[in-house]
Amino acid sequence: KAGVTQTPRYLIKTRGQQVTLSCSPISGHRSVSWYQQTPGQGLQFLFEYFSETQRNKGNFPGRFSGRQFSNSRSEMNVSTLELGDSALYLCASSLVSNRGETQYFGPGTRLLVL
Amino acid sequence: SQQGEEDPQALSIQEGENATMNCSYKTSINNLQWYRQNSGRGLVHLILIRSNEREKHSGRLRVTLDTSKKSSSLLITASRAADTASYFCATVPIQGAQKLVFGQGTRLTINP
């Protein structure tokens with residue numbers, strides 16, 4: 001089976017712009033979670049989607065949003081980018097839930113905001 | 001917010017030696033997982049230990065969990081240069097919206 005894929009791998013944006021990141025989970029996995037990794041804050045949970053519904057959300061402002069499609073692929077969007085949004089954005093998938101199961105991570109999208 | 005704290009933040013040892021990393025957390029958990037990350041890339045799942053388990057082995061990895069002390073340790077035996085990476089513990093709290101909650105990680109360097 002192919003692993004979790006994320007596109008694009010690298011992205012450079014300027015403040016005020018918006019960005020959309022994409023994640024394709026492992027075939028058959030229905031749960032997709034997003035994480036932000038920065039040197040200062042470490043790895044932080046953004047949100048989880050399951051069957052096209054947001055099931056859980058972390059403590060991030062409303063500028064961060066996401067969605068999941070019927071084929072379980074997920075996108076996350078960040079609007080009005082700020083310098084502090086520069087980070088590695090990781091997507092992870094699991095069969096049913098991100099609570100008690102192994103999470104399979106993609107390689108990440110590295111976003112640089114100038 | 002980070003639930004876990006890892007100790008040490010950085011560890012450098014010689015190839016062949018054993019490496020031990022510790023993780024402490026704050027709330028009651030469903031399970032605890034360890035992940036490895038190479039140079040800012042994706043995370044690779046290493047091992048999962050449930051709250052009712054005390055010890056688990058996988059190859060050269062040994063994980064312990066002490067729920068009374070809210071702590072876990074990861075032991076890598078007979079380390080190899082390829083083990084050089086950052087290691088993160090991640091907990092799944094029983095309550096609250098937070099799901100996988102990661103520690104700050106330990107940067108492990110294996111010197112040949």
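Quick note on labels: first sequence line is chain A, next is B, and so on, each numbered from 1. Because the structure is predicted, anything quoted here is derived from the model rather than measured.
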Worked check of side-chain contact (heavy atoms from CB on, under 4.5 Å) between B:L100 and A:S33:
CA-CA 9 Å; B:L100 266 186; A:S33 298; over 6 Å; no
Give the interface residues of residues 104-114 of chain A toward chain B, defined by a heavy-atom separation under 4.5 Å.
A:F105, A:G106, A:P107, A:R110
Counting neighbours of CD on A:E52 that are heavy atoms of other residues, nucleotides or ligands and sit closer than 6.0 Å, is the number greater than 12?
yes
Quick check on A:Q37 against chain B: is it the side chain, the backbone, both or neither that has a heavy atom closer than 4.5 Å?
side chain
Contacts table for residues 16-23 of chain A: side-chain donor-acceptor under 3.5 angstrom, sequence neighbours left out:
from: A:Q17; atom 1: OE1; to: A:T14; atom 2: N; distance (Å): 2.8
from: A:Q17; atom 1: OE1; to: A:T14; atom 2: OG1; distance (Å): 3.2
from: A:T20; atom 1: OG1; to: A:N77; atom 2: ND2; distance (Å): 2.9
from: A:S22; atom 1: OG; to: A:R73; atom 2: NH1; distance (Å): 2.9

Output all residues satisfying ring pair (Phe, Tyr, Trp, His ring centres under 6.0 Å) with A:F60, sequence neighbours left out; order by chain, then residue number.
A:F64
Are the aromatic rings of B:F88 and B:Y35 close, with centres under 6.0 Å apart?
no
Kindly state each residue pair satisfying salt bridge (Lys or Arg N to Asp or Glu O under 4.0 Å) with at least one member in residues 79-95 of chain B, sequence neighbours excluded.
B:R60-B:D83
